[in-house]
Amino acid sequence: MNCQRCQEREATVHYTQVINGQKTEIHLCEQCAEQEGYMNFSNDNLSIHQLLTSMFPFDQNVNQKQSVQTTHRLTCDRCGTTYQEFRNRGKFGCSHCYLAFESYLNPIFRRVHSGNTKHVGKIPKRIGGNLHKQRELEQLQNNLQQLIHDEAFEEAAQVRDEIRQLKEDLNENKGGDA
Amino acid sequence: MSLQNFINDAISPWLNTEGVDNDIVLSSRIRLARNFEQVPFPTSGQEDALTKVLEYMEQEFDQQSYEDFKQFQLVKMNNLKPIEKRVLVEKHLISPELSDKDQTGAALISKNEQASVMVNEEDHLRIQLYYPGFELTKALEKAQELDNWFEDKIHYAFDENRGYLTSCPTNVGTGLRASVMMHLPALSMTNQMNNLIPEINKLGLVVRGIYGEGSEALGQLYQISNQITLGKSEEDIVEDLKSVVQQVIENERRARDWIMEQLGIQLEDRIFRSYGILSNCRIIQSKEAAKCLSDVRLGIDLGLIKNVSKTILNELMVLTQPAFLQQYAKKTLGPNERDVFRANLIRERLQLEN
Ligand SMILES: [Zn+2]
Ligand SMILES: [Zn+2]
């Protein structure tokens with residue numbers, strides 16, 4: 001099997017990710033796995049210092065491929081933190097940095113959070129109903145798949161109705177203030 | 001000041017209440033990292049903006065109450081003497097990092113010291129909640145309520161994909177650090193900690209000694225906490241931690257039964273010798289004090305030592321730290337003097353029991 005990312009080398013790293021009950025299989029070559037942060041994140045008892053130094057070991061590889069300038073000049077336009085500073089300190093300067101450095105974050109988060117990149121926990125009330133409903137929808141869709149898999153069709157029909165209702169609610173709210 | 005009054009001041013009131021499984025889990029803590037949406041993080045060093053956060057917190061939350069957490073008081077680092085700051089650090093109410101932030105750092109502390117919020121530490125807000133014993137679920141529930149109370153007024157930095165945004169990538173998502181403080185003397189005595197710690201680490205949890213440097217855990221007190229904050233719900237993080245802690249509790253109980261059976265009179269001898277040292281010493285270093293306190297606490301939990309209160313371990317571990325000793329002595333103490341004062345304080349404290 002070829003690596004999903006570069007489509008060149010043989011895939012030697014196989015990884016199953018479970019997000020919200022949804023299984024995704026990932027097949028990468030060693031180089032790509034390293035760069036995408038799929039390797040080494042389960043290291044034993046990393047101290048924060050070790051974590052920081054191990055967060056960025058792939059940067060050199062990135063630099064070889066992409067132009068060195070783009071990473072170095074990448075700057076958060078709200079607080080002025082450069083990607084280089086973020087890299088050295090391991091700390092963001094403001095909430096906007098998350099957007100400014102977005103394209104580099106998934107590998108870092110995977111490394112630190114056992115392969116996870118997406119928040120599934122609490123949502124502030126002010127974010128409003130839609131995101132909460134969206135989450136609920138994802139949950140129900142997972143339940144539905146499980147129920148169908150278990151051949152529990154009566155319950156599945158109920159869940160399907162709930163999903164339909166929730167989708168209608170979401171459509172009504174669309175365009176409204178979230 | 002009498003010793004009793006000094007202790008009353010020094011020990012957070014919540015510490016003296018009973019909790020579930022508190023022969024092994026001394027306390028449970030939940031910490032939430034939160035930031036204001038429009039303000040650069042404390043890591044940016046933009047002091048003007050951070051001062052505004054401080055002023056806002058003072059204006060909105062100083063002297064306010066939320067349910068059981070009465071009368072929050074905002075204490076600015078700027079207004080504290082170095083010794084007062086160290087006392088707050090030794091009570092685990094603030095971090096050493098916060099105590100260095102003279103211009104912008106503050107702590108909002110409830111009257112019973114169960115809830116505290118560090119302002120402008122690494123994040124704008126670090127909300128902390130302590131419960132005695134093994135009470136992580138309750139602690140999480142209450143911490144969420146407290147978080148909602150702040151959120152009614154504060155626009156938090158939040159992203160649909162990344163969750164609560166924090167200075168450090170290690171806290172992003174839930175911003176949740178859940179931890180327990182455990183007393184594990186029997187697992188330590190039977191040399192099982194060295195095997196257990198890597199096993200727990202493999203499950204994405206962190207184990208460290210609470211007092212002492214490096215791998216050494218003074219007083220056999222360990223903290224176990226989650227490492228992952230992203231991609232798991234708050235409830236799952238706490239449930240996963242709880243199931244591991246539950247297993248550690250069972251292992252410790254089994255090890256206690258085993259040492260009781262195998263060591264018998266030898267164990268009793270060790271425990272009562274330690275009790276004898278604490279009751280009679282005139283000079284004692286913190287390391288020896290911690291070992292003896294751990295033994296005595298084990299003796300209490302095993303029913304060997306009666307009429308000494310369980311809280312003696314956590315209480316004296318805190319009280320015999322340098323800043324408290326100096327506050328009790330009302331002067332700066334050199335290391336040798338400290339050992340003398342420590343011995344005095346421990347003897348007097350044990351006398352209070354009779
Ligand atoms: Zn590849
Ligand atoms: Zn920024």
Side-chain angles (χ1 to χ4, degrees), chain A residues 17-20 37 41-48 51-52 55-56 76 78-81 85-87 89-99 101-102 104-128 130-132 134-135 139 178, chain B residues 32 34-46 49 122-124 144 147-148 151-152 154-176 197-208 215 227-237:
Chain A
Q17 201 163 9
V18 183
I19 298 172
N20 284 337
F41 50 72
S42 62
N43 270 1
D44 291 350
N45 196 22
L46 289 175
S47 70
I48 289 296
L51 264 177
L52 292 184
M55 264 185 219
F56 302 97
C76 169
R78 196 186 288 169
C79 74
T81 300
E85 283 167 342
F86 167 60
R87 214 199 92 117
R89 290 192 305 167
K91 308 275 157 127
F92 294 103
C94 76
S95 55
H96 192 75
C97 291
Y98 280 83
L99 297 176
F101 310 141
E102 169 66 27
Y104 295 89
L105 296 184
N106 276 351
I108 296 169
F109 291 157
R110 273 192 206 113
R111 222 167 261 273
V112 179
H113 298 286
S114 271
N116 301 331
T117 57
K118 194 176 178 338
H119 177 61
V120 296
K122 188 176 182 179
I123 302 163
K125 271 181 289 174
R126 66 164 173 87
I127 302 286
N130 269 3
L131 185 54
H132 286 276
Q134 195 66 47
R135 280 283 172 76
Q139 192 63 50
Chain B
L32 298 170
R34 298 288 188 256
N35 285 286
F36 285 60
E37 168 67 53
Q38 295 295 335
V39 188
F41 297 153
T43 41
S44 71
Q46 299 190 16
E122 187 182 280
D123 294 297
H124 294 138
Q144 301 280 39
D147 182 42
N148 294 341
E151 193 211 303
D152 280 340
I154 301 166
H155 210 97
Y156 284 148
F158 181 87
D159 176 87
E160 286 188 16
N161 283 315
R162 307 302 195 188
Y164 292 92
L165 305 179
T166 54
S167 296
C168 187
T170 55
N171 292 313
V172 72
T174 57
L176 169 68
I197 291 173
E199 288 303 313
I200 297 174
N201 290 335
K202 275 187 206 148
L203 300 167
L205 302 176
V206 183
V207 189
R208 61 178 192 88
S215 59
Q227 180 163 305
I228 295 161
T229 58
L230 182 66
K232 273 170 91 170
S233 69
E234 288 80 358
E235 289 75 17
D236 286 349
I237 290 172

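Below, each value reflects all heavy atoms present in this structure, side chains not excepted, and no hydrogens, waters or symmetry copies. Throughout, protein chains are lettered first and strands after them, A, B, ... in sequence-line order, and every chain is numbered starting at 1.
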Report summary line: Smallest heavy-atom separation, Asn116(A) atom then Ile228(B) atom, equals ND2-CG2, 3.9 Å
Query - Between OG on residue Ser44(B) and CZ on residue Arg78(A), distance to nearest 0.5 Å - result: 12.0 Å
Query raised in the report: Does any heavy atom of chain A fall under 4.5 Å from the side chain of Glu160(B), the backbone, both, or neither of them?
Result: both
Requested in this report: Measure Gln144(B) against the heavy atoms of chain A and call it side chain, backbone, both or neither at under 4.5 Å.
Outcome: both
Requested in this report: Hey, could you give me the NE2/CG distance between His96(A) and Leu165(B), rounded to the nearest 0.5 Å?
Outcome: 11.5 Å
Requested in this report: Can you tell which part of Asp152(B) gets under 4.5 Å to a heavy atom of chain A, answering side chain, backbone, both or neither?
Outcome: side chain
Query - Counterpart residues, ring pair (Phe, Tyr, Trp, His ring centres under 6.0 Å), relative to Tyr98(A) (two or more places apart) - result: Phe92(A)
Query - Donor-acceptor pair, side chain of His113(A) and main chain of Lys232(B), under 3.5 angstrom - result: no
Report summary line: Arg162(B) and Leu105(A) have their tightest heavy-atom pair at NH2-CB, 3.8 Å
Query raised in the report: Rounded to the nearest 0.5 Å, how far does CZ of Arg111(A) lie from OG1 of Thr170(B)?
Result: 15.0 Å
**Report entry** Minimum heavy-atom distance Ser233(B)-Val120(A), with the two atoms named
**Finding:** N-CG2, 3.6 Å
Query raised in the report: Between Glu37(B), Glu235(B), His155(B), which has the largest tally of heavy atom pairs under 4.5 Å with chain A?
Result: His155(B)
Report task. Evaluate side-chain contact (heavy atoms from CB on, under 4.5 Å) for His119(A) paired with Val172(B), printing each intermediate quantity in order. Result -> CA-CA 8 Å; His119(A) 177 61; Val172(B) 72; over 6 Å; no
Report task. Could you go through the side-chain contact (heavy atoms from CB on, under 4.5 Å) check for Leu176(B) and Lys122(A) one step at a time? Result -> CA-CA 10 Å; Leu176(B) 169 68; Lys122(A) 188 176 182 179; over 6 Å; no
Query raised in the report: How long is the gap from OG on Ser95(A) to CZ on Phe41(B), to the nearest 0.5 Å?
Result: 5.0 Å
Requested in this report: Using non-hydrogen atoms and a 4.5 Å limit, figure out which bit of Asn35(B) sits close to chain A: side chain, backbone, both or neither.
Outcome: neither
Query - Least distance between heavy atoms, Ile108(A) atom then Pro169(B) atom - result: CG2-CB, 4.3 Å
